[in-house]
Amino acid sequence: MEEEIKNFVKVWILAISSLCYCYYVSAKIPRGLLRLLSILPVVYLFILLPFSLSSTTLCSTTAFSLLWLGNFKLLLFSFDQGPLSPPPSKLFHFISIACLPIKVKEDPPSKSPQALATRIRVPMPILYGVKIVVLVLIYHLYNYKKILPENVLLTIYCAHLYLQIELVLALCATPARAFLGFELEPQFNEPYLTTSLQDFWGRRWNLMVTRILHPAVYDPIRRISAGIVGPRWAALPAVVAAFTVSGLMHEAIYYYTGRVHPTWEVTWFFVLQGFCLAIEVAVKKTVRERWHLSPVVSGPATIVFVAVTSFWLFFPQIVRNGIDEKVIREGTVLIDFVKGILTKLRFGILDS
């Protein structure tokens with residue numbers, strides 16, 4: 001593990017050095033092809049860097065931050081678009097926005113009535129504390145993994161995936177919030193309170209992905225589609241395209257963590273979500289206010305649909321390649337490490 005930490009530090013030193021080059025050199029080049037050419041070597045480096053890591057957690061987090069978010073932000077920056085345009089006045093702000101899973105709140109922040117109505121009014125420290133406790137309990141349940149029914153285990157995996165991703169992303173965003181003074185938009189918005197697929201994927205689940213796919217994929221495809229199918233239906237192919245790209249990025253992260261040939265199941269999972277979401281949007285546009293499904297029904301139905309399709313297409317690659325076992329081992333080691341520190345602190349306080 002010590003060697004892995006050293007590799008992790010080296011990877012991020014290279015990544016930060018590359019972003020310094022983008023800030024001091026590429027940003028001075030006029031937008032367009034020339035700036036893109038100056039950034040492409042960094043994009044290529046960001047593709048290679050996760051291969052230096054073998055830990056599932058460190059590798060997947062680095063791949064998500066550099067391969068996906070970092071590269072998409074830099075490609076948008078080539079044409080003066082995205083969160084890096086205009087470039088922040090401070091280097092550390094540029095680096096943080098480029099490679100961390102964060103989005104700085106706009107001034108003034110925009111809040112829809114629906115978002116205000118469905119937001120849980122619980123202090124964030126308490127909410128995160130509860131989620132940490134639940135995640136620790138999930139790791140405890142894995143002691144009984146061999147006797148758990150398969151569908152029960154996959155349901156636990158769904159909860160584990162949500163909690164671990166949210167907590168890891170929140171931890172990644174902490175430096176930007178604590179040391180740089182950024183006021184950040186939420187990365188998740190309690191997805192278990194969803195009312196529809198559109199609500200789940202667009203307003204609640206891993207919003208950093210939604211916010212980078214919009215300018216990078218959704219908006220360009222929608223503009224192109226408007227000239228073909230008309231503005232009323234232009235969103236539908238844009239939705240499917242955005243989910244397809246998301247699926248390919250997840251497939252790449254699976255490859256980094258498992259180092260086995262892709263079977264494309266996870267890509268088809270997101271393509272399926274995209275088509276179903278497009279159908280939902282089309283139905284809403286057609287019926288409008290004439291018919292409305294109660295959130296009491298649509299919310300649980302959405303959760304069940306996402307969970308069942310994930311059992312079918314999202315998790316098989318993880319289980320088949322032993323990634324779930326690696327995540328459980330790494331998480332258990334971390335929990336034991338934290339317990340050891342807390343025990344030493346407790347006895348230290350008692351001895352004093």
Less than 4.5 Å apart, side chain to side chain, heavy atoms only: is that true for [X] and [Y]?
| X | Y | value |
| --- | --- | --- |
| Leu197 | Val281 | no |
| Phe243 | Thr267 | no |
| Glu251 | Phe270 | no |
| Leu66 | Trp12 | yes |
| Ser246 | His250 | yes |
| Phe51 | Tyr255 | yes |
| Ile303 | Pro191 | no |
| Tyr139 | Val327 | yes |

What's the verdict on side chain to side chain contact (heavy atoms under 4.5 Å, CB included) for Leu74 and Leu19, showing C-alpha distance, side-chain angles and the deciding distance? CA-CA 9 Å; Leu74 289 176; Leu19 291 171; 4.1 Å; yes
Report, as yes or no, whether the 6.0 Å neighbourhood of atom [atom1] on [X] holds more than 12 heavy atoms from other residues, nucleotides or ligands.
| X | atom1 | answer |
| --- | --- | --- |
| Phe275 | CZ | no |
| Phe8 | CZ | yes |
| Trp268 | CH2 | no |
| Arg259 | CZ | yes |
| Phe79 | CZ | yes |
| Lys28 | NZ | yes |

Linked, directly or transitively: [X] and [Y] (ILVMFWY side chains, under 4.5 Å):
| X | Y | value |
| --- | --- | --- |
| Trp312 | Ile323 | yes |
| Leu75 | Val25 | yes |
| Tyr254 | Val168 | no |
| Trp205 | Val308 | no |
| Ile132 | Leu163 | yes |

Let's go through Phe64 and Leu169 carefully: what are the C-alpha distance in whole Å and the side-chain angles of both, what is the deciding distance for side chain to side chain contact (heavy atoms under 4.5 Å, CB included) to 0.1 Å, and is it a yes or a no? CA-CA 10 Å; Phe64 176 67; Leu169 294 187; 3.7 Å; yes
Please confirm whether the backbone N or O of [Y] pairs with a side-chain atom of [X], one donor and one acceptor, at under 3.5 Å?
| X | Y | value |
| --- | --- | --- |
| Lys73 | Ile97 | yes |
| His214 | Thr210 | no |
| Glu330 | Thr56 | yes |
| Thr62 | Pro50 | no |
| Ser18 | Leu14 | yes |
| Glu185 | Lys103 | no |
| Arg35 | Ile29 | yes |
| Asn143 | His140 | yes |
| Tyr23 | Pro88 | yes |
| Glu166 | Gln187 | no |

Taking every non-hydrogen atom, the tightest pair across [X] and [Y]:
| X | Y | value |
| --- | --- | --- |
| Ala63 | Tyr256 | CB-CD1, 3.7 Å |
| Pro220 | Val217 | CD-O, 3.2 Å |
| Pro186 | Met208 | O-CE, 3.7 Å |
| Leu148 | Leu153 | CD1-CD1, 4.2 Å |
| Leu207 | Gly202 | CD2-O, 3.8 Å |
| Leu84 | Ala98 | CD2-N, 3.8 Å |

For the rings on [X] and [Y], is their centre-to-centre separation under 6.0 Å?
| X | Y | answer |
| --- | --- | --- |
| Phe315 | Phe269 | no |
| Phe94 | Phe77 | yes |
| Tyr142 | His160 | yes |

Just how far is it from atom [atom1] of [X] to atom [atom2] of [Y], taken to the nearest 0.5 Å?
| X | Y | atom1 | atom2 | result |
| --- | --- | --- | --- | --- |
| Leu58 | Ser52 | CG | OG | 12.0 Å |
| Leu167 | Tyr162 | CG | OH | 8.5 Å |
| Ser196 | Arg203 | OG | CZ | 6.0 Å |
| Leu127 | Glu190 | CG | CD | 5.0 Å |
| Leu91 | Ile95 | CG | CD1 | 4.0 Å |
| Leu40 | Leu45 | CG | CG | 12.5 Å |

Is it true that the side chains of Glu265 and Thr263 contain a donor and an acceptor less than 3.5 Å apart?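 Side chains of Glu265 and Thr263: pair found under 3.5 Å.
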Going through the distances and angles, do Ile328 and Lys145 end up as a side chain to side chain contact (heavy atoms under 4.5 Å, CB included)? CA-CA 11 Å; Ile328 292 170; Lys145 182 181 176 185; 4.1 Å; yes
Quick one, Val266 with Phe314, criterion side chain to side chain contact (heavy atoms under 4.5 Å, CB included). Give me CA distance, side-chain angles, the key distance, then yes/no. CA-CA 5 Å; Val266 70; Phe314 189 89; 3.6 Å; yes
Result of checking Val130, Leu135, Val136, Leu137 against Val133 for side-chain contact (heavy atoms from CB on, under 4.5 Å): Leu137
